[in-house]
Amino acid sequence: MIYRLNNLTRTNVMNDQYAPNEIEKAVQAEWLSEKKFRVREDQNKKKYYCLSMFPYPSGKLHMGHVRNYTIGDVLSRYHKMRGYNVLQPMGWDAFGLPAENAAIANRVSPAKWTYENIKYMKKQLKSLGFALDWSREIATCSPVYYKWNQWLFLKMLEKGLVYKKTGTVNWDPIDQTVLANEQVIDGKGWRTGATVEKREIPMYYMKITSYAERLLTDLNRLEDWPEKVKTMQANWLGKSQGVNIAFKYDLKGVSKSLKVFTTRADTIMGVTFCAVAPEHALALYAAKCKPEISKFIDECREGSYTEAEMATAEKRGIFTGFYVEHPLTGRQIPVWIGNYVLLSYGEGAVMGVPAHDERDFYFAKRYSLEIISVIDFDGKEFSAKNWQTWYTKKGRCVNSGKYNGLVFDDAVGEIAKDLKKKDLGDVEIQWRIRDWGISRQRYWGTPIPIIYCDQCGDVPVPYSQLPVVLPEDCFPDGSGNPLKNRDDFLNINCPKCGGPAVRETDTMDTFVDSSWYPLRYACSDNADAMVDERVSYWLPVDQYIGGIEHAILHLLYSRFWTKVMKDLGLVSLGEPFSKLLTQGMVLNQVFSRKEADGRMLYVNPADVELKKGGRDGKLTAISKLDGLPVFSEGIRTMSKSKNNGVDPQELIDKYGADTARLFTMFASPPEDTLSWNADGVEGSFRFLKKLWKFASENKHLVQSTHKHTRFEGLEPNLLRIRHSIHQLLRQANVDYERKHFNTVVSAAMKMLNVLDSEIKTDKSTNNVDLVKKEGLGILIRVLYPVAPHITTVLWRILGYGEDLTIADWPEVDQTALEESDVLLILQINGKKRGELRVPVDSPDKIIETMALGSPEIKKHLEGKNIKKIIIVPRRIVNIVV
RNA sequence: GCCCAGGUGGCGAAAUCGGUAGACGCACCAGGUUCAGGACCUGGCGGUGGAGACACUGUGGAGGUUCGAAUCCUCUCCUGGGCACCA
């Protein structure tokens, strides 16, 4: 039977116990049938676009989702009550690797797996009662969505913002396939165990580097972004001013130069070697005649290419046999190949100054290269034996000829000037960020709209032929992209010459999908354009909410795409997100075991039992599934790959959505990391039960008290109660604004405590009812954004009003906050020694006298001289002795 | 390795500003209530000493600034996030 909210008669439901599942079904049914959260543009209202990062449809919701979407829902409902026109949409980041992994594991097509997951997770989201406008739902794997990925790709290609070059990937030599970083474990392929190699393949790139300056300066416009995120992005962009320097050399009689970039040109006289990346042309040339160099380069190819890997790997090198000429001294400088030099940073070469760079120092020590100190640190002794952290500090030049005595800025200036005169260098701005490689050698993604023709080369798919539709019935098996075997997809006539041609089989990075979905929600029903005028009403997003793990990549790519769309005249928007809330990760234990075939097995913590074993009583973890031991890997963010997610369904089934939401909000402030532990749920459930009981015991109130709202002549205890309620309301307001929902919940709990226990002791008078009615009305509204179902029912049944979703937010009554006296803390030397209640605004002189006269203070003052007395108004009297 | 955060009772946490550390909950303990309960009520609850009033001590660790520090500064340890193909 479907429970209808309007069928709940005013008396009988309140006689029952709190039954969350029935209440929630009824309330949700009404929200659905009345389309409560569907919104349209309304120029008369302030808009509030509240967006939570859309989920990857991995199968089930996990607690991270519940947390994320509850935060968004709380903010949406709060702002709606504050009078905003609120848009809160939802959709699916539906392309990606896990669908292919599922296909490998279960022989189900990624499409089927994805759509089934979406269906289930949508049901879960609905059961949590989020105020979502489902009419705008999008899934990035749908052709009506990804068509516009392809469309914009082609536009960017026209503008020169997309280009092709080679890039490095992880190559599994056995499966003959490209691996994601996640699929490389300790340098080995996840399925084959083969040592992974770096391989250069052609890829498409988006020119994010030409937007670097704007991405950096516009960070200043993002006033309501966390500082930490802006810092991380600025560091990622990595603007640095330095000097590019050319080291000349002769190759078979041809004069060439090795170009390096340095931020420490002041140390140029300390250069004792140069190092190039293993893929550098000079290295490859050297390898031609020396097999040991060739072998070294091959060894460098082993392992994945991630920055973390490169930075932690042992620094190794080999001499190329070449020398280059120092641009200022003319000295011959040996050129080495270094496994720590990145081809993609600058031109793949660095100058080595072992005395003032830690990495160069250890490299020089290892290969017995010369170490020359050229910086003086206020006379501190330099030693070529052991590294000191101060060697990298800036100081005055020494051992540097004409530059001796110059400080950093002057030295760099002079050196750059001299290099420029010789045409061997100049000051230069360098960025850390690299162009965005978007090609993926995978099936489940947006097809890149390019056709290869023997006659015409790379030909863009004509706009009229978009979208290039991805066949949905492929089954990846882990050994490469199945599109390569789909002749119906592959073979096509060249749009230019009409001759036989083949399609590109690479698909796009899924970060492309998520770079513009916030815009699409404004106009998801428009089949004829990527965006339309509704975007200018809803965007920018007023509040974006998502995990801190997206602080850099997703948010940066999204900012980049928005700027590109602006430059293409599609939107007038400069930045997509006005305010950002970065949710802390939800963590849980990770348990794993290495299987006999070398693969990692992850066991969900719910399936792990901790047993005290052996004589030492040590805890061992046993998998309940097979009775065998598993090992703790510590606590990590909940993820599918580590199998440590917690399915919220059990919680919802047992306690209801309101409790799940309330508990999640109460557990900690949104920005904090949260280690999952469901122990406190009972308390949240108990609170809602207590609220229900209190309301049902007092259901007579609302009808019985007459409408007047005058609170004059209240008894002192009732004045105190009103004081507490309004103080708590004020606190809750502050906490809603600063998004500390845990203390909003505790304010609501305190309100109920105040109303329940303090009034209980009084005889019921008209005044008591008046104060209770007001207090409960405030409590219901304060709690509504967090626990919308129970409050919706109480609001209507108690007769406060029909529709809580649009009720007015309660106002703080300033007169209720007035106080006649205040409690001061008495301290001696900052240590609490007593308390003193004084009338508000007592003069300092009187407070002083009273404080000195208090018995506790007298006792502690014996035999001591008072030096001074500090009075902090309304707080503290500190006597310094 | 580099960049960014965070460390407060047995546990989650609170403390808009540098001004009573531990609000609000969980767990636990004591008592009550109930035929029963995955129910409810009352009280206690950082540590040490003390019968008690109370005293000392206490916000990862070590220093510092201040009348006063969880909060500011320096160093250090630990934990988490990111490091460009997980999303």
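Since this is a predicted model, take the numbers as computed values, not measurements. Letters A, B, ... are given to chains in the order of the sequence lines, protein chains preceding strands, and every chain is numbered from 1.
Nucleic acid contact for A:P669: sugar-phosphate only, since backbone atoms but no base atoms lie under 4.0 Å from a heavy atom of the residue. Among the heavy atoms of the strands lying under 4.0 Å from A:T637 are primed sugar atoms or P, OP1, OP2 only; no base atom is included. Counting any heavy atom pair closer than 4.0 Å across all strands shown, A:H860 reaches sugar-phosphate atoms only and no base atom. Using a 4.0 Å heavy-atom distance criterion, A:F687 is classed as making no nucleic acid contact. Among the protein residues, A:K831 comes within range of the sugar-phosphate backbone only, with heavy atoms under 4.0 Å from sugar or phosphate atoms but none that close to a base. Contact annotation for A:A308: base contact, defined as any heavy-atom pair under 4.0 Å involving a base atom. Residue A:I870 is classed as a base contact, given a heavy-atom separation below 4.0 Å to a base. Contacts of A:F666 with the nucleic acid, taken as non-hydrogen atoms under 4.0 Å apart, include base atoms. In this structure, A:W236 reaches the bases: a heavy-atom distance under 4.0 Å links it to at least one base atom across the strands shown. No contact: A:I869 has no heavy atom under 4.0 Å from any strand. Across all strands, A:H550 comes closer than 4.0 Å to base atoms (heavy-atom distances). Base contact: A:V178 has a heavy atom under 4.0 Å from a base atom. Using a 4.0 Å heavy-atom distance criterion, A:E671 is classed as making no nucleic acid contact. Within the 4.0 angstrom heavy-atom criterion, only backbone atoms of the sugar-phosphate kind lie near A:K228; the bases stay farther away.
Here A:K689 reaches the OP1 or OP2 of B:C40: one of its side-chain N or O atoms lies under 4.0 Å away. Neither OP1 nor OP2 of B:C83 sits under 4.0 Å from any side-chain N or O of A:R434. A:R359 has no side-chain polar atom (N or O) that falls below the 4.0 Å cut-off from OP1 or OP2 of B:G1. Applying the 4.0 Å criterion to OP1 and OP2 of B:A87, one finds that A:R440 has every side-chain N and O outside that range. A:R833 has no side-chain polar atom (N or O) that falls below the 4.0 Å cut-off from OP1 or OP2 of B:U20. Phosphate contact (OP1/OP2 of B:C26, side-chain N/O of A:R686, threshold under 4.0 Å): present. Phosphate contact (OP1/OP2 of B:A27, side-chain N/O of A:N677, threshold under 4.0 Å): absent.
Every residue two or more places apart in sequence or in another chain was checked for a side chain to side chain donor-acceptor pair (under 3.5 Å) with A:D844, and none qualifies. Judged as a salt bridge (charged side-chain N to carboxylate O under 4.0 Å, His left out), and not counting sequence neighbours, A:R67 has no contacts.
Other residues, nucleotides and ligands place more than 12 heavy atoms under 6.0 Å from the NZ atom of A:K365.
Counting only heavy atoms from C-beta on, A:V880 has its side chain closest to B:C67 among B:A87, B:C67, B:G81. Proximity note for A:T312 (side chain, C-beta onward) versus B:G1, B:G19, B:A84: the nearest is B:G1. Listed nucleotides B:C86, B:A84, B:C24 differ in distance to A:K750; the shortest reach to its side chain belongs to B:C24. The side chain of A:N742 lies closest to B:A14 when the candidates are B:A14, B:G80, B:U20. Closest contact between the side chain of A:L553 and the listed nucleotides B:C11, B:G19, B:C83 involves B:C83.
Closest approach of A:L555 to A:M53, counting heavy atoms only: CD2-CE, 4.5 Å.
When the P atom is compared between B:C41 and B:A27, the two are found 13 Å apart, to the nearest whole Å. B:U79 and B:U20 have their P atoms separated by 33 Å, given to the nearest Å. For B:A21 and B:G68, the C1' atoms lie 14 Å apart once the distance is rounded to whole Å. Annotation: B:U42 and B:C35 have their C1' atoms spaced 23 Å apart (nearest Å).
As rounded to whole Å, 17 Å separates atom P of B:G6 from atom CD of A:E549.
Both the sub-6.0 Å distance and the 45° axial angle are satisfied by A:K165 relative to the ring of A:Y205.
When atom types are taken as modelled, the side chain of A:D435 and the backbone of A:I208 share a donor-acceptor pair closer than 3.5 angstrom. Checking side-chain atoms of A:Q583 against main-chain N and O of A:N68 turns up a donor-acceptor pair under 3.5 Å.
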All N/O donor-acceptor pairs, side-chain side in residues 224-235 of chain A, below 3.5 Å, sequence neighbours left out:
unit_1 : atom_1 : unit_2 : atom_2 : d
A:W225 : NE1    : A:F577 : O      : 2.9
A:E227 : OE2    : A:K230 : NZ     : 3.4
A:K230 : NZ     : A:L222 : O      : 2.7
A:T231 : OG1    : A:E227 : O      : 2.8
A:Q233 : OE1    : A:R559 : NH1    : 2.8
A:Q233 : NE2    : A:A551 : O      : 2.9
A:N235 : ND2    : A:T231 : O      : 3.4

Output a table of donor-acceptor pairs, distance under 3.5 Å, between side-chain atoms of residues 306-314 of chain A and any protein atom two or more places apart or on a different chain; print 'none' if there are none.
unit_1 : atom_1 : unit_2 : atom_2 : d
A:T306 : OG1    : A:E309 : N      : 3.2
A:E307 : OE2    : A:R432 : NH1    : 2.8
A:T312 : OG1    : A:A308 : O      : 2.7
A:T312 : OG1    : A:E309 : O      : 3.4
A:E314 : OE2    : A:R366 : NH1    : 2.5

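Counting atom types as modelled, A:D679 pairs no side-chain N or O with a base atom of B:C26 as donor and acceptor under 3.5 Å.
Across residues 730-738 of chain A, A:Q731, A:V734, A:R738 each have a non-hydrogen atom less than 4.0 Å from an atom of RNA chain B (numbered order).
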Q) For RNA chain B, what is the dot-bracket line, given that a base pair needs Watson-Crick (N1 to N3, plus N6-O4 or O6-N4) or G-U wobble (N1-O2 and O6-N3) geometry with both distances under 3.5 Å, and | means paired with another strand? A) (((((((..(((......[....))).(((((.......))))).((((....))))..(((((..]....))))))))))))....

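With its glycosidic angle within 90° of 0, B:G9 adopts the syn conformation.
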Q.
Checking A:Y145 against A:W516 for the ring-ring contact (aromatic ring centres under 6.0 Å, His included) test, could you report, in this order, the C-alpha distance in whole Å, the side-chain angles of both residues, the deciding distance, and whether it holds?
A. CA-CA 10 Å; A:Y145 184 83; A:W516 66 284; 4.5 Å; yes

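We find the CD1-OG1 distance between A:I548 and A:T673 to be 9.0 Å, quoted to the nearest 0.5 Å.
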